[in-house]
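Have a look at the structure below before the remarks.
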Amino acid sequence: MNNVIILLTACVNPDNMIFTALQDPLDRLNQYISALKYYLENTDLKIVLVENTNIDFSSMFNNEIEQGRLEFYTFQGNNYEKNKGKGYGEAMILKYALKYSRFLKKCDYLIKITGRLKLMNINQVIRQVKSYNGNDPMILCDCNRKITMSKSRVFVSPPDFYEKSFLKYAVNINDSNNYEFENALGDAIIDYVRNGFGKLLLFKFPLFIDGMSGTDGVKIPRGRYWVSCTKFLLFKLNVWARINKSYVNFTEK
């Protein structure tokens with residue numbers, strides 16, 4: 001059975017980051033605290049939280065840290081050019097996490113989740129990841145048909161996905177130039193699969209997310225079963241993931 005870790009990304013003080021409607025640090029802090037408590041109470045996985053504005057609220061979770069259930073890191077990683085947008089900052093959080101986290105160095109897969117959000121069917125995702133027994137490592141995500149982008153609130157990968165593929169695209173993230181985190185993620189998935197490092201799979205079900213979009217401050221709509229099931233069926237039939245005008249079999253053996 002796969003060793004799975006939850007990785008929560010956090011930015012308490014966006015400091016007027018562009019394309020970020022949710023700016024109030026106190027509101028954001030409360031959302032991070034609430035979400036972290038949710039994952040601690042509703043899963044039995046180890047959790048890594050990395051915050052990038054040097055705001056340390058780890059004292060609220062001393063017991064979980066001392067018991068080896070939680071790793072908490074904070075650093076100053078939000079002092080880059082604001083025109084790059086929050087996606088660049090999140091990518092640097094992932095880079096920091098891979099460098100310093102002991103948990104991530106020992107896991108098979110990490111479930112990356114935007115740290116303010118509660119994935120209400122988190123255990124459904126965990127079961128899909130833990131039950132995977134393919135020969136090749138997998139990327140588990142919700143991407144569009146041509147993989148020009150992949151939704152980034154929740155996705156699953158082995159740790160080496162970041163070092164082998166994602167980080168070389170992440171350095172080019174610039175929301176002002178319409179190359180967002182989701183685009184870098186899509187390009188990295190293609191790179192990872194083409195180079196034979198692993199395969200792409202889709203979630204078999206919608207993701208039920210409780211929270212607000214940081215970009216526009218609007219509540220995230222509930223996932224719809226018919227959409228997810230249709231995409232998954234098309235994927236299994238090799239008519240969803242299309243690269244270089246050819247249908248590529250990324251499906252589970």
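Atoms considered below: every heavy atom in the structure, side chains included; atoms not considered: hydrogens, waters and symmetry mates.
The closest side-chain heavy-atom distance from C141 to L200 is below 4.5 Å. For the pair K106/I5, no side-chain contact is recorded, criterion being any heavy-atom separation below 4.5 Å from C-beta on. Side-chain contact between I122 and L45 is absent, with no heavy atoms from C-beta onward closer than 4.5 Å. For the pair V50 and T9, the minimum side-chain heavy-atom distance is 4.5 Å or more. Within the 4.5 Å cutoff, side-chain heavy atoms of V125 are placed close to those of F205. Under the 4.5 Å side-chain criterion, counting only non-hydrogen atoms from C-beta, I139 is not in contact with F155. In this structure the side chain of Y169 never reaches within 4.5 angstrom of the side chain of N183, judged on heavy atoms. The shortest distance between side-chain heavy atoms of R116 and L22 falls below 4.5 Å.
Taken to the nearest 0.5 Å, the CZ atom of F72 stands 10.0 Å off from the CE atom of M60. Remark: Y73 OH to K99 NZ distance equals 12.5 Å, nearest 0.5 Å. In this structure, CD1 on I209 lies 6.0 Å from CG on L117, to the nearest 0.5 angstrom. Here CG of N78 is found 6.5 Å from OG1 of T53. Values are rounded to the nearest 0.5 Å. In this structure, the separation between NZ on K118 and OH on Y38 is 8.5 Å, given to the nearest 0.5 Å. With rounding to the nearest 0.5 angstrom, the CG atom of L201 is 10.0 Å from the SG atom of C143.
Scanning both residues, S152 and E182, for their nearest heavy atoms gives OG-OE2, 2.8 Å. Nearest heavy atoms, L36 versus L8: CD1-CD1, 3.9 Å. Nearest approach of F203 to V154, heavy atoms of both residues: CE1-O, 4.0 Å. The two residues G198 and D136 make their nearest non-hydrogen contact at CA-CB, 4.2 Å. Scanning all heavy atoms of the two residues, the minimum distance from N54 to T74 falls at CA-OG1, 3.1 Å. In this structure, Y88 and V171 approach most closely via the heavy-atom pair CE1-O, 3.9 Å.
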Audit row: E51, Y96, side-chain contact (heavy atoms from CB on, under 4.5 Å) steps and yes/no: CA-CA 10 Å; E51 197 281 332; Y96 188 97; over 6 Å; no
Step-by-step salt bridge (Lys or Arg N to Asp or Glu O under 4.0 Å) determination, R153 to D142: CA-CA 10 Å; R153 291 169 181 145; D142 182 5; over 6 Å; no
Derivation and outcome, side-chain contact (heavy atoms from CB on, under 4.5 Å), residues C107 and V4: CA-CA 6 Å; C107 75; V4 184; over 6 Å; no
Residue pair F208, L119: steps toward the side-chain contact (heavy atoms from CB on, under 4.5 Å) verdict: CA-CA 6 Å; F208 299 140; L119 179 57; 5.6 Å; no
Verdict with reasoning, F75 to Y100, per side-chain contact (heavy atoms from CB on, under 4.5 Å): CA-CA 11 Å; F75 71 109; Y100 291 104; over 6 Å; no
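Contacts classified as salt bridge (Lys or Arg N to Asp or Glu O under 4.0 Å) and involving residues 18-43 (residues at least two apart or in different chains) are not found.
Note on F19 and L185: separate hydrophobic clusters, where clusters join Ile, Leu, Val, Met, Phe, Trp and Tyr whose side-chain heavy atoms are under 4.5 Å apart, directly or indirectly. Linking ILVMFWY residues whenever their side-chain heavy atoms come closer than 4.5 Å, directly or via other members, places I33 and L7 in the same cluster. Grouping the Ile, Leu, Val, Met, Phe, Trp and Tyr side chains by contacts below 4.5 angstrom, directly or via other members, places M212 apart from M120. When the side chains of ILVMFWY residues are joined at heavy-atom separations under 4.5 Å, either directly or via intervening members, I173 and M149 end up in two distinct hydrophobic clusters. A single hydrophobic cluster is seen to contain both V48 and I55, as judged by linkage of ILVMFWY side chains at heavy-atom distances under 4.5 Å, directly or through other members.
With R69 contributing its side chain and L40 its backbone, the two residues share a donor-acceptor pair below 3.5 Å. Between the side chain of Q23 and the backbone N or O of N16, at least one donor-acceptor pair lies under 3.5 Å. Of the possible donor and acceptor atoms, none in the side chain of Y192 sits under 3.5 Å from a partner among the backbone N and O of F166. Side-chain atoms of E71 come within 3.5 Å of backbone N or O of R102 as a donor-acceptor pair. At distances below 3.5 Å, at least one donor-acceptor pair connects side-chain atoms of T20 with backbone N or O atoms of I18. For S131 (side chain) and Q128 (main-chain N/O), a donor-acceptor pair under 3.5 Å exists by modelled atom type. Counting only distance, with no hydrogens or angles, the side chain of Y39 and the backbone of I6 share no donor-acceptor pair below 3.5 Å. With hydrogens and angles disregarded, no donor-acceptor distance shorter than 3.5 Å links the side chain of D191 to the backbone of D187. In terms of modelled atom types and a separation under 3.5 Å, the side chain of N177 and the main chain of Y179 share no donor-acceptor contact. For the pair Q124 (side chain) and I126 (backbone), a donor-acceptor distance under 3.5 Å is absent.
By the 6.0 Å and 45° rule, K112 stacks over the aromatic ring of F181.
Between K219 and D210 there is a salt bridge, since at least one side-chain N of the basic residue sits less than 4.0 Å from a carboxylate O of the acidic one.
With a 6.0 Å radius and a threshold of 12 heavy atoms from other residues, nucleotides or ligands, K105 has its NZ atom above the threshold. Atom NZ of K95 sits in a sparse spot, with 12 or fewer heavy atoms from other residues, nucleotides or ligands closer than 6.0 Å.
Between F57 and F61, the ring planes are perpendicular. Angles over 60° get that label, and only those under 30° would be called parallel.
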